[in-house]
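What follows is one structure encoded as structure tokens, with my remarks underneath.
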Amino acid sequence: MAPPTVRDLLDQRGKHQFAMLRVETLDEAEAAAKAGVELLSVPPSMVMDRRFREVAPDAFIFPGDNFYEIGGTDDFLRWAFPLYKQGADAFYCSGSLATVRAMADHALPVCGHVGLIPSKRTWTGGFKAVGKTLETAQLVWNQCKALEDAGAFAVEIEVVPHSITRLIAERTNLFLISMGAGVAGHAQYLFTDDVLGQNRGKIPRHAKVYADFASEYDRLQAMRIEALGRFARDVHEGDYPAPQHLVDCEPEVVSAFADWLDQNA
């Protein structure tokens, strides 16, 4: 199979709920692909790793970074072209509308971001829902329309009341990627760190934890410390290396070398 296309995603709006994860490692990408997760947000460096398509050949991938890591419009284009050549399917862009428009003009599929945009949270009051008032609901709608008009095919809609998301979904042609914005989104998006229970900080309300990797990491770390401690004690007490860990040569070689050293050292 090949990854779905942008056209496939748009055609499946309202017919199929896509699963989407942010993955940070090849192991996570491989696990997500084998588990049936169709859409992956990935670090740009992963796209350039030839091993990525070996482990996730059928995933639709959105490389993405915050706009302040990339820069302005020209920077985004220079960033995106090599990734597109390498097989990126679409691009997350939290940059300006001018940047979205320029990327779309070059036929680069763009996913914008509305609602709670963490990198721009100061404008909406911090890490909290956006769209709970008429004014902020209108803001989310206007953001969607502006991105659609600029040429984006998709938006990540984050921490928006699900009733507001539903009304927007009924009135836009965008592919809506819901992160905590309800089932009216056409894809449901979470971070692998949260899904696997790797996040030791505050877990977002919209996240669902399916495993407890943090406790497993604690167990492995305790095992690591215990094993390394035994190694250190063995070294300090002269128990390592033992005879079975050593190599040696024939006694006559040792004797000949000693004689040579006596004459030449």
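Atom set for the values below is all heavy atoms of this structure, side chains included, hydrogens, waters and symmetry mates excluded. Throughout, numbering of the chain's residues begins at 1 and tracks the sequence.
Around atom NE2 of His206, more than 12 heavy atoms belonging to other residues, nucleotides or ligands sit under 6.0 Å away. Counting non-hydrogen atoms of neighbouring residues, nucleotides and ligands closer than 6.0 angstrom, the NZ atom of Lys120 exceeds 12 such neighbours.
Ion pairing of Arg22 with Asp65 is absent here, as no side-chain N (NZ or NE/NH1/NH2) approaches a carboxylate O to less than 4.0 Å. Salt bridge annotation for Arg219-Glu216: present, with a cationic side-chain nitrogen under 4.0 angstrom from a carboxylate oxygen. Ionic pairing of Asp234 and Arg230 is not present here: no N-O contact between side-chain nitrogen and carboxylate oxygen is shorter than 4.0 angstrom.
At a threshold of 4.5 Å between side-chain heavy atoms, the hydrophobic network of Ile, Leu, Val, Met, Phe, Trp and Tyr places Phe191 and Phe127 in two separate groups. By the criterion of side-chain heavy atoms lying less than 4.5 angstrom apart, applied directly or through intervening Ile, Leu, Val, Met, Phe, Trp or Tyr residues, Val55 is grouped together with Leu21 in one hydrophobic cluster. Note on Phe62 and Val155: separate hydrophobic clusters, where clusters join Ile, Leu, Val, Met, Phe, Trp and Tyr whose side-chain heavy atoms are under 4.5 Å apart, directly or indirectly.
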Audit row: Leu9, Phe153, side chain to side chain contact (heavy atoms under 4.5 Å, CB included) steps and yes/no: CA-CA 10 Å; Leu9 298 189; Phe153 85 97; 4.1 Å; yes
Steps toward side chain to side chain contact (heavy atoms under 4.5 Å, CB included) verdict (Leu147, Leu97): CA-CA 7 Å; Leu147 285 164; Leu97 289 172; 3.8 Å; yes
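Across all their heavy atoms, Asp58 and Ala2 have their closest contact at OD1-N, 4.0 Å. Scanning both residues, Gly64 and Pro44, for their nearest heavy atoms gives O-CD, 3.6 Å. Of all heavy-atom pairs between Arg121 and Leu116, the closest is CB-CD1, 4.2 Å. Looking at every heavy atom in both residues, Ala32 comes nearest to Val23 through CB-CG1, 4.3 Å. Summarising the geometry of Thr73 relative to Ser96, their closest heavy-atom pair is OG1-OG, 4.2 Å, with the distance given to 0.1 Å. Counting all heavy atoms, side chain and backbone alike, Val47 lies closest to Gln86 at O-CG, 3.1 Å.
Annotation: salt bridge (Lys or Arg N to Asp or Glu O under 4.0 Å) contacts of Arg224 (sequence neighbours excluded): none.
Side chains of Ser215 and Asp218: a donor-acceptor N/O pair is absent below 3.5 angstrom, by distance only. Of the N and O atoms on the side chains of Tyr189 and Glu156, not one donor lies less than 3.5 Å from an acceptor on the other residue. Judged by distance alone, the side chains of Thr192 and Glu24 never bring a donor and an acceptor atom under 3.5 Å apart.
Note that the CD atom of Glu158 and the NE2 atom of His113 stand 4.0 Å from one another [nearest 0.5 Å]. The CD1 atom of Ile203 lies 10.5 Å from the CG atom of Asp193; values are rounded to the nearest 0.5 Å.
The aromatic rings of Phe257 and Trp260 sit parallel, their planes meeting at an angle under 30°, below the 60° perpendicular limit.
Between Phe175 and Phe18, the gap from one ring centroid to the other is short of 6.0 Å. For Phe81 and His106, the ring centers sit closer than 6.0 Å to each other.
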